[in-house]
Student: 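So that we are looking at the same thing, I have put the structure below in structure tokens.
Whatever order the structure lists them in is the order used to number ligands and atoms, beginning at 1. Note that the structure is a prediction, hence the values are computed from the model and not measured.
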Amino acid sequence: MSGEGENDASQTKRMKYSDGEGSRVLKDFSVTKILKEDSKVKLMAIHGKFEGANDDAVLLLEKLPFASKTVNAMLTGSNLHETLKNDIYSTYEAVSPPSFPGYKTTMIYPATEKHIAKYSEQDVFVVHETKELYSMVTKPSLEQSSFSLQWVYNILEKKTESERIIHEDVDPETGFILLPDMKWDRKDVNSLYLVAIVNKHGVKSLRDLNKQCLPLLKNILNTGTKVIKEKFNIPDSKLRIYIHYQPSYYHLHVHFTHVKFDAPGSDVFRAHLLSSVIENIENNGDFYENKTLSFTLRENDNLFKKYNERGYFD
Ligand code: G7M
């Protein structure tokens with residue numbers, strides 16, 4: 001796999017640009033290109049560079065949801081500028097006090113071409129991947145080029161994010177680590193987003209799941225929901241528990257999101273409910289080996305290029 005190679009120098013630089021002194025760090029950032037603007041989910045993806053750095057960076061800016069605990073203090077400290085008044089209706093632009101965080105920032109540094117492509121605005125195409133297309137096009141393509149799994153191994157080896165672990169089951173076959181997804185601000189439980197990363201290596205995606213994986217999948221479903229109830233008081237009736245196909249990272253992991261949160265990638269082209277996955281395999285052990293799986297690809301995806309070269313979209 002080509003992946004995103006890491007070396008000591010890039011790790012040192014990453015430390016430098018993520019040392020917690022956000023304001024100073026972003027002062028040194030200059031925008032190369034706005035990759036994506038999404039006013040619905042209030043997100044902007046920016047490609048840029050830090051002063052004096054050779055490598056590119058991708059910054060994701062997201063507006064944070066309001067918090068019911070602090071909304072009163074926020075309102076009383078805000079300045080309002082009227083933008084419209086009509087009878088009993090008026091609108092304002094509000095400037096909240098500096099102590100209230102305006103947005104969440106995710107930084108990818110050094111960012112590869114694949115990262116820049118991933119966060120760019122792109123045309124989207126639907127693929128119906130048969131068993132044959134998987135083995136002829138998808139599988140060779142992802143073996144050749146997919147995102148590095150270094151961050152996954154860092155979590156499994158407790159090199160990073162160990163203080164965030166919510167639950168760990170050390171069994172090498174059926175165990176996993178449950179921890180907050182990078183997308184969650186870890187404050188608002190209505191937008192809870194956890195990810196369960198399996199200990200076992202080599203299970204790349206939904207396509208690889210079969211009867212042997214049932215104990216692992218059931219353990220993630222049962223233990224994950226139990227732990228979330230205990231730690232966050234969220235019952236399983238409020239959880240969306242699913243696997244992405246195609247995933248971004250080909251080491252099996254399961255998403256746990258709050259149903260109120262319209263999580264990116266929870267649509268029919270990407271999310272497969274874990275409970276349905278288990279049932280399908282129980283009914284037919286080879287279900288995912290044979291099933292035609294539909295997903296979307298974006299024009300800069302390497303996989304899109306492979307399908308396009310074969311004339312799939314003609
Ligand atoms: O699409 P896919 O199923 O591969 O989703 C991977 C999930 O992993 C996404 O929801 C990401 O937000 C999450 N994620 C990606 N990275 C690089 C990290 C990370 O470094 N830490 C954590 N906690 N989550 C991540």
Student: In this structure, which one of I116, I46, L60 forms a side-chain contact (heavy atoms from CB on, under 4.5 Å) with L35?
Tutor: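 Result: among I116, I46, L60, I116 is the only option passing the side-chain contact (heavy atoms from CB on, under 4.5 Å) with L35.
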Student: How close does the nearest protein non-hydrogen atom get to atom 5 (O) of ligand 1, and which residue and atom is it?
Tutor: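 Ranking protein heavy atoms by distance from atom 5 (O) of ligand 1, first comes H255 CE1, 3.3 Å.
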Student: Measuring from atom 8 (O) of ligand 1, which candidate in Y245, W151, Y250 has the nearest non-hydrogen atom?
Tutor: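 Among Y245, W151, Y250, the closest heavy atom to atom 8 (O) of ligand 1 comes from W151.
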Student: Among V195, L179, D181, which one has a heavy atom closest to atom 7 (C) of ligand 1?
Tutor: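 Going through V195, L179, D181 one by one, D181 has the nearest heavy atom to atom 7 (C) of ligand 1.
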Student: Among protein heavy atoms, which sits nearest to atom 1 (O) of ligand 1, and what does the distance come to when rounded to 0.1 Å?
Tutor: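 For atom 1 (O) of ligand 1, the nearest protein heavy atom comes out as H244 ND1, 2.7 Å.
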Student: Suppose I only count heavy atoms of S248 and a 4.0 Å limit; which atoms of ligand 1 are within that range?
Tutor: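 Answer for ligand 1: 1 (O), 2 (P), 4 (O).
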Student: For the pair D123 and R298, find out whether any cationic side-chain nitrogen is under 4.0 Å from an anionic carboxylate oxygen.
Tutor: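 Salt bridge between D123 and R298, a charged N being under 4.0 Å from a carboxylate O: no.
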Student: Hey, can you tell me if Y249 and F147 have their rings parallel, tilted or perpendicular (30° and 60° cut-offs)?
Tutor: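 Correct class here is tilted.
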Student: Can you classify the ring geometry of F313 versus F125 as parallel (below 30°), tilted (30 to 60°) or perpendicular (above 60°)?
Tutor: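 Taking F125 first and then F313, their aromatic rings sit tilted (interplane angle of 30° to 60°).
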Student: Under 4.0 Å from a heavy atom of Y193: give me the atoms of ligand 1 that qualify, with their elements.
Tutor: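 Answer for ligand 1: 10 (O).
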Student: Pull out every atom of ligand 1 sitting under 4.0 Å from any heavy atom of R270, numbered as shown with elements.
Tutor: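 Ligand 1 atoms under the 4.0 Å threshold to R270: 1 (O).
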Student: Looking at P180, which atoms of ligand 1 are within less than 4.0 Å of one of its heavy atoms?
Tutor: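 Within the 4.0 Å cut-off of P180, ligand 1 contributes 23 (N).
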Student: Please tell me whether S294 and Y245 have a donor and an acceptor in their side chains that are separated by less than 3.5 angstrom.
Tutor: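 S294 vs Y245: no donor-acceptor pair found between side chains.
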Student: Below 4.0 angstrom from a heavy atom of H253, which ligand 1 atoms are there? Numbered from 1 as shown, please.
Tutor: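 Those of ligand 1 that fall under 4.0 Å from H253 are 2 (P), 3 (O), 4 (O), 5 (O), 6 (C).
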Student: Show me which atoms of ligand 1 lie under 4.0 Å from any heavy atom of K183.
Tutor: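 Selected atoms, number and element: 9 (C), 10 (O), 11 (C), 12 (O).
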Student: How are the rings of F50 and F29 set to each other: parallel, tilted or perpendicular (split at 30° and 60°)?
Tutor: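 Plane angle over 60°, so perpendicular.
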Student: Do E173 and K200 meet the salt-bridge criterion of a basic N to acidic O distance under 4.0 Å?
Tutor: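 Yes.
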Student: Among M182, E161, R164, Q150, which one has a heavy atom closest to atom 21 (N) of ligand 1?
Tutor: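 That would be E161.
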Student: Answer yes or no: is there an ion pair linking E143 with K139, defined by an N-O contact shorter than 4.0 Å?
Tutor: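 Counted as a salt bridge, because a side-chain N and a carboxylate O are separated by less than 4.0 Å.
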